[in-house]
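Counting convention: from 1, in listed order, for ligands and their atoms alike. What you see below is based on every heavy atom in this structure, not just the backbone, and it leaves out hydrogens, waters and symmetry mates.
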Amino acid sequence: MAVRLLIFGRQGAGKGTQSTRLSERYGAPHISTGDMLRAAVANATPIGLEAKSYMDAGQLVPDEVMLGVVEERLAEPDVVEHGFLLDGFPRTVVQAEALGRFATVDVAVDIVVPEEVVLERISSRRVCGSCGRIYSVQAPPERDWTCDTCGGEVVQRADDTPEAVAKRLAAYASETQPTIDWYADAGLLVKVDGLGTPDEVSERLTAAIDAHLAR
Ligand code: AMP
């Protein structure tokens, strides 16, 4: 069965880590709009050039740019066959309404973590510049900041600076929280406590998603 999932959570809530696991469990491709944009920036594509200044400043990329990127990706054969796990989209009510015009959503999950915890997690977060795998200062790759999965260089994200993080959290509160509420009103939202080990959070997530899908 093709499952169509959305994953919400503040920056540093563990969305990236959990998305990789959920994507394996449900067989749905993990589509991270942040990873897609970072790849576009690295390849200096027209979209990357347009998105970069917004991203570096911790601001949202304009809706019309995002909608083009996501609609094109969701039309690809792997999505048509296996569904999707959308991570980082939609982030505004305009994006949610537009998504509803070209895709069906089965369930949206919100990983809830208090702000003081995400601030601490983001300052120690490190990420592979090639494949996006997430590490931390406490849990680095095995060898010399070289990704265990793909051999890429593991670095701090350009927008994980304190100023950009503050802006991203503010945008989350003003734009993305109303989007989450929009899915709650539609009866599609499940909330999961994001504190604890990655295994504990994964177990809670799959239990909540399975219960929702079985309704
Ligand atoms: P993320 O890796 O999900 O934190 O995304 C990194 C940055 O990419 C964000 O701070 C935004 O600048 C941009 N971005 C990613 N997804 C979206 C979206 N759905 N709408 C607007 N901007 C986005």
Exercise: do [X] and [Y] side chains pair donor with acceptor under 3.5 Å:
X	Y	value
Tyr26	Asp210	yes
Ser202	Arg21	yes
Thr179	Gln95	no

Show the distances, to 0.1 Å, for all pairs joining an N/O atom of ligand 1 and a protein N/O atom that are shorter than 3.5 Å, listing one pair per line.
{"from": "ligand 1", "atom 1": "2 (O)", "to": "Arg38", "atom 2": "NH1", "distance (Å)": "3.0"}
{"from": "ligand 1", "atom 1": "2 (O)", "to": "Arg38", "atom 2": "NH2", "distance (Å)": "2.9"}
{"from": "ligand 1", "atom 1": "2 (O)", "to": "Arg157", "atom 2": "NH1", "distance (Å)": "3.2"}
{"from": "ligand 1", "atom 1": "2 (O)", "to": "Arg157", "atom 2": "NH2", "distance (Å)": "3.4"}
{"from": "ligand 1", "atom 1": "3 (O)", "to": "Arg91", "atom 2": "NH1", "distance (Å)": "3.2"}
{"from": "ligand 1", "atom 1": "3 (O)", "to": "Arg91", "atom 2": "NH2", "distance (Å)": "3.1"}
{"from": "ligand 1", "atom 1": "4 (O)", "to": "Arg91", "atom 2": "NH2", "distance (Å)": "3.2"}
{"from": "ligand 1", "atom 1": "4 (O)", "to": "Arg157", "atom 2": "NH2", "distance (Å)": "3.1"}
{"from": "ligand 1", "atom 1": "5 (O)", "to": "Arg91", "atom 2": "NH2", "distance (Å)": "3.4"}
{"from": "ligand 1", "atom 1": "12 (O)", "to": "Gln59", "atom 2": "O", "distance (Å)": "2.6"}
{"from": "ligand 1", "atom 1": "16 (N)", "to": "Thr33", "atom 2": "OG1", "distance (Å)": "2.8"}
{"from": "ligand 1", "atom 1": "16 (N)", "to": "Gly88", "atom 2": "O", "distance (Å)": "3.3"}
{"from": "ligand 1", "atom 1": "16 (N)", "to": "Arg91", "atom 2": "NH1", "distance (Å)": "3.0"}
{"from": "ligand 1", "atom 1": "19 (N)", "to": "Gly88", "atom 2": "O", "distance (Å)": "2.8"}
{"from": "ligand 1", "atom 1": "19 (N)", "to": "Gln95", "atom 2": "OE1", "distance (Å)": "3.0"}
{"from": "ligand 1", "atom 1": "20 (N)", "to": "Gln95", "atom 2": "NE2", "distance (Å)": "3.0"}
{"from": "ligand 1", "atom 1": "22 (N)", "to": "Val61", "atom 2": "N", "distance (Å)": "3.0"}

For residues 180-197, tabulate all N or O donor-acceptor pairs below 3.5 Å that involve a side-chain atom, not counting sequence neighbours.
{"from": "Asp181", "atom 1": "OD1", "to": "Gln177", "atom 2": "NE2", "distance (Å)": "3.2"}
{"from": "Asp193", "atom 1": "OD1", "to": "Leu195", "atom 2": "N", "distance (Å)": "3.0"}
{"from": "Thr197", "atom 1": "OG1", "to": "Glu200", "atom 2": "N", "distance (Å)": "3.1"}

Which pairs of donor and acceptor atoms, one on a side chain in residues 99-119, lie under 3.5 Å apart (sequence neighbours left out)?
{"from": "Asp106", "atom 1": "OD1", "to": "Arg4", "atom 2": "NH2", "distance (Å)": "3.0"}
{"from": "Asp106", "atom 1": "OD2", "to": "Arg4", "atom 2": "N", "distance (Å)": "2.7"}
{"from": "Asp106", "atom 1": "OD2", "to": "Arg4", "atom 2": "NE", "distance (Å)": "3.1"}

(Q) Running the 4.5 Å side-chain criterion over Ile, Leu, Val, Met, Phe, Trp and Tyr, what cluster does Trp145 land in, apart from itself? (A)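 Besides Trp145, the cluster holds Tyr135, Val154.
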